[in-house]
Asker: 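Following this message is one structure expressed as structure tokens.
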Amino acid sequence: MSTAEVQALYEQQGYLSALPILSPEELQSARDAFAELERKHGEDYTAYSLHNIHMEYEWVKGLAKHPRLLQVVTAVLGPDVILLDSRFICKYPVCNKQQNNDVIACNQSGNRCEGNANEEKESLPFVAWHQDMKYWGFDGGPVLSVWLALDDSLKENGALQVIPESHHSGLLPHHQSKRSGNMLSVNQEIPEELLETEKAILCPLLAGQMSIHDGLLVHASDPNTSSRRRCGYVLRYVPTCTYPIQDPERPRTFPATVLVSGVDQYNHFSEQNSRL
């Protein structure tokens, strides 16, 4: 698609999906490097705690400023872009692991869990319906979120779900989630009565592809009930005109912002901003 087509479709529906980014060689290199982090830290840590490590590892920096990735990001946000934050998120398979002293068994196809899995699903890690802008203390510009898939991201292992065009409704109220297992750090969700889940669609990805979505798009993901890991690299980009604000509900600092494209004539993050 042309830049104008990317902009128009993204503005209309609030997301784009299944965008090819990594070559097979690049994907394998990233997966091998991530496997080293798993061996070093363990899966309990790498599930959600690899936060802003683009400041530490060259291979992660390479993902954050990948030319094909930035081509899409700048088509939406313009030429001057800051990486605000990044995190690896992994939903590991629950099959054959102990859950409340019961073993969850996989079916013969290995695609999903059976038996106790249905009973345990309510406590498995998931991401509740939310908007990213609820969690960020800035204003003056949009936020674009990226999911860069290191693994295939499918229905069985908890792929992203979005409600198209929901970003046009502005920021919705969020309240505390009553369901255990929510991976959102403040355990919030949008109330059910405000959701149009009948319009929700799944955004499956093959490893090496990415999806992008607007910070106001309502989205979520279900638990991984398969025998396969679902790992991705989540990045948040903003145009340089964006600036930090004080958020009494959730004070935030931005210690890992970096200029990844163009120039920063505003210097709103100048005390922390660097160039990759």
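Quick caveat: nothing in here was measured; it's all calculated off a predicted structure. Positions are given from 1 along the sequence.
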Asker: Check whether any side-chain N or O of Gln7 sits under 3.5 Å from a backbone N or O of Ala75 as a donor-acceptor pair, and report yes or no.
Answerer: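 Yes: the side chain of Gln7 pairs with the backbone of Ala75.
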Asker: Taking all non-hydrogen atoms of both residues, which atom of Leu70 and which atom of Val260 are closest, and how far apart?
Answerer: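 Scanning both residues completely, I find the closest heavy atoms to be CD1-O, 3.5 Å.
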Asker: Check this for me: does any side-chain nitrogen of one of Asp151 and Arg31 sit under 4.0 Å from a carboxylate oxygen of the other?
Answerer: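 A salt bridge links Asp151 with Arg31.
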Asker: Specify the closest pair of heavy atoms between Leu216 and Gln131, including all atoms of both residues, with the distance to one decimal.
Answerer: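 Shortest heavy-atom contact: O-NE2, 2.8 Å.
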Asker: Does Arg236 come within less than 4.0 Å of Asp132, counting only side-chain N to carboxylate O?
Answerer: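 Salt bridge flag = yes for Asp132 with Arg236.
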Asker: So does Val218 get a backbone contact from the side chain of Ser166, meaning a donor-acceptor N/O pair under 3.5 Å?
Answerer: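 The answer is yes, because a donor-acceptor pair under 3.5 Å joins these two groups.
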Asker: Checking the side chain of His54 only, and the main-chain atoms of Ala256 only, is there a donor and an acceptor separated by less than 3.5 Å?
Answerer: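 The answer is yes, because a donor-acceptor pair under 3.5 Å joins these two groups.
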Asker: Any heavy-atom pair between the side chains of Gln71 and Val73 that's under 4.5 Å?
Answerer: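 Val73 does not reach Gln71 side chain to side chain.
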Asker: Please examine the side chains of Met210 and Leu205, heavy atoms only from C-beta on, and report whether any two atoms are closer than 4.5 Å.
Answerer: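 No. Closest side-chain heavy atoms not under 4.5 Å.
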Asker: Check the surroundings of atom CG in Asp44: do more than 12 heavy atoms from other residues, nucleotides or ligands lie under 6.0 Å from it?
Answerer: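 For Asp44, atom CG is not crowded (no more than 12 foreign heavy atoms under 6.0 Å).
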Asker: Within the distance-only criterion (no hydrogens, no angle test), does the side chain of Lys91 pair as donor or acceptor with the backbone N or O of Gly158 below 3.5 angstrom?
Answerer: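 Yes; at least one donor-acceptor contact below 3.5 Å.
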Asker: Testing the basics here: between Val81 and Thr240, what is the closest heavy-atom pair and its distance to 0.1 Å?
Answerer: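 Result for this residue pair: N-CG2, 3.9 Å.
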Asker: Report the residues that fulfil salt bridge (charged side-chain N to carboxylate O under 4.0 Å, His left out) with Arg87, sequence neighbours left out, ordered by chain and then residue number.
Answerer: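 So Arg87 forms no salt bridge (charged side-chain N to carboxylate O under 4.0 Å, His left out) with any residue.
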Asker: Any salt bridge between Glu26 and Arg68, counting N to O under 4.0 Å?
Answerer: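 Arg68 and Glu26: salt-bridged.
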Asker: Under a 3.5 Å distance rule, please check whether His66 uses its side chain to pair with a backbone N or O of Lys61 as donor and acceptor.
Answerer: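 It does not hold such a pair.
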Asker: Could you state the interatomic distance from CG (Asp222) to CZ (Phe126), rounded to the nearest 0.5 Å?
Answerer: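 CZ of Phe126 is found 9.0 Å from CG of Asp222.
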Asker: Are Pro125 and Pro223 side-chain neighbours, meaning at least one heavy-atom pair lies under 4.5 Å?
Answerer: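 Answer no - side chains too far apart.
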Asker: If you look at every heavy atom in His167 and Leu217, which pair is closest and at what distance?
Answerer: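 Minimum heavy-atom contact is CB-N, 3.7 Å.
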Asker: Between Ser2 and Glu5 (side chain of the first, backbone of the second, donor and acceptor by atom type, cut-off under 3.5 Å), is there such a pair?
Answerer: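 Confirmed, Ser2 side chain pairs with Glu5 backbone.
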Asker: Is the backbone of Ser86 close enough, under 3.5 Å, to the side chain of Asn52 for a donor and an acceptor to pair up by distance?
Answerer: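 Between the backbone of Ser86 and the side chain of Asn52 there is a qualifying donor-acceptor contact (under 3.5 Å).
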Asker: Should Leu22 and Leu206 be regarded as members of a common hydrophobic cluster, given that ILVMFWY residues are connected when their side-chain heavy atoms come within less than 4.5 Å of each other, either directly or indirectly?
Answerer: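 Not linked; separate clusters.
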Asker: With no hydrogens and no angle check, is any side-chain donor or acceptor of Asn157 less than 3.5 Å from a backbone partner on Leu154?
Answerer: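 Between the backbone of Leu154 and the side chain of Asn157 there is a qualifying donor-acceptor contact (under 3.5 Å).
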Asker: Compare every heavy atom of Pro204 with every heavy atom of Ala18, then report the nearest pair and how far apart it is.
Answerer: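 Looking at all heavy atoms of both residues, the shortest contact is CB-O, 4.5 Å.
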Asker: Is the shortest side-chain heavy-atom distance between Ile201 and Gln161 below 4.5 Å?
Answerer: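 They are not in contact (no side-chain heavy atoms under 4.5 Å apart), so the answer is no.
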Asker: To the nearest 0.5 Å, what is the distance between CG on Leu148 and OG on Ser153?
Answerer: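 Leu148 atom CG to Ser153 atom OG measures 11.0 Å (nearest 0.5 Å).
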Asker: Is the shortest heavy-atom distance from the side chain of Ile89 to the side chain of Tyr233 under 4.5 Å?
Answerer: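 No, their side chains stay 4.5 Å or more apart.
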Asker: In terms of hydrophobic clustering (I, L, V, M, F, W, Y; side-chain heavy atoms under 4.5 Å; direct or indirect links), are Tyr237 and Leu63 co-clustered?
Answerer: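 They do share one cluster, since a chain of ILVMFWY contacts under 4.5 Å joins Tyr237 to Leu63.
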Asker: Would you say the side-chain atoms of Glu165 and Tyr15 include a donor-acceptor pair closer than 3.5 Å?
Answerer: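 No donor-acceptor contact under 3.5 Å links the two side chains.
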Asker: Report the relative orientation of the aromatic rings in Phe34 and Phe88; use parallel for angles under 30°, tilted for 30 to 60°, perpendicular for over 60°.
Answerer: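 Taking Phe88 first and then Phe34, their aromatic rings sit tilted (interplane angle of 30° to 60°).
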Asker: So which heavy atom on Ser221 is nearest to which on Ala159, and how close?
Answerer: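 Result for this residue pair: CB-O, 3.5 Å.
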Asker: With rounding to the nearest 0.5 angstrom, report the CD1 to CG distance, Ile212 to Leu19.
Answerer: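 Reported value, rounded in 0.5 Å steps: 6.0 Å.
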Asker: Once the angle between the rings of His268 and Tyr266 is folded into 0 to 90°, is it parallel (under 30°), tilted (30 to 60°) or perpendicular (over 60°)?
Answerer: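 Rings of His268 and Tyr266: parallel, as their planes differ by under 30°.
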Asker: Given side chains that start at C-beta, do those of Phe269 and Leu84 come closer than 4.5 Å, heavy atoms only?
Answerer: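 Yes, side chains in contact.
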Asker: Please check: side-chain N/O of Glu56 versus main-chain N/O of Ile53, any donor-acceptor pairing under 3.5 Å?
Answerer: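 Pair absent, no side-chain N/O of Glu56 close to backbone of Ile53.
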Asker: In Å, rounded to the nearest 0.5 Å, how long is the span from CG of Leu37 to CD of Glu43?
Answerer: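 Atom-to-atom, Leu37:CG and Glu43:CD are 12.5 Å apart.
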Asker: Could you measure the distance from the NZ atom of Lys155 to the SG atom of Cys203? Nearest 0.5 Å is fine.
Answerer: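 Answer rounded to 0.5 Å: 12.5 Å.
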Asker: Are the side chains of Val238 and Phe138 in touch, meaning some heavy atoms are under 4.5 Å apart?
Answerer: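 Of all side-chain heavy-atom pairs linking Phe138 with Val238, at least one is under 4.5 Å.
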Asker: Quick one: which of Leu144, Leu9, Asp214 gives a side-chain contact (heavy atoms from CB on, under 4.5 Å) with Val76?
Answerer: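 With Val76 as partner, side-chain contact (heavy atoms from CB on, under 4.5 Å) holds for just one option, Leu144.
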Asker: Using a 3.5 Å distance criterion without hydrogens, assess whether the side chain of Ser226 forms a donor-acceptor pair with backbone atoms of Arg228.
Answerer: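 Looks like yes, one N/O pair under 3.5 Å.
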Asker: Under 4.5 Å between side-chain heavy atoms, counting indirect links through other Ile/Leu/Val/Met/Phe/Trp/Tyr residues: same cluster for Leu171 and Val143 or not?
Answerer: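 They do share one cluster, since a chain of ILVMFWY contacts under 4.5 Å joins Leu171 to Val143.
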Asker: When rounded to the nearest 0.5 angstrom, what distance separates CD1 in Ile82 from CG in Asp85?
Answerer: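 Ile82 CD1 to Asp85 CG: 13.0 Å, rounded to 0.5 Å.
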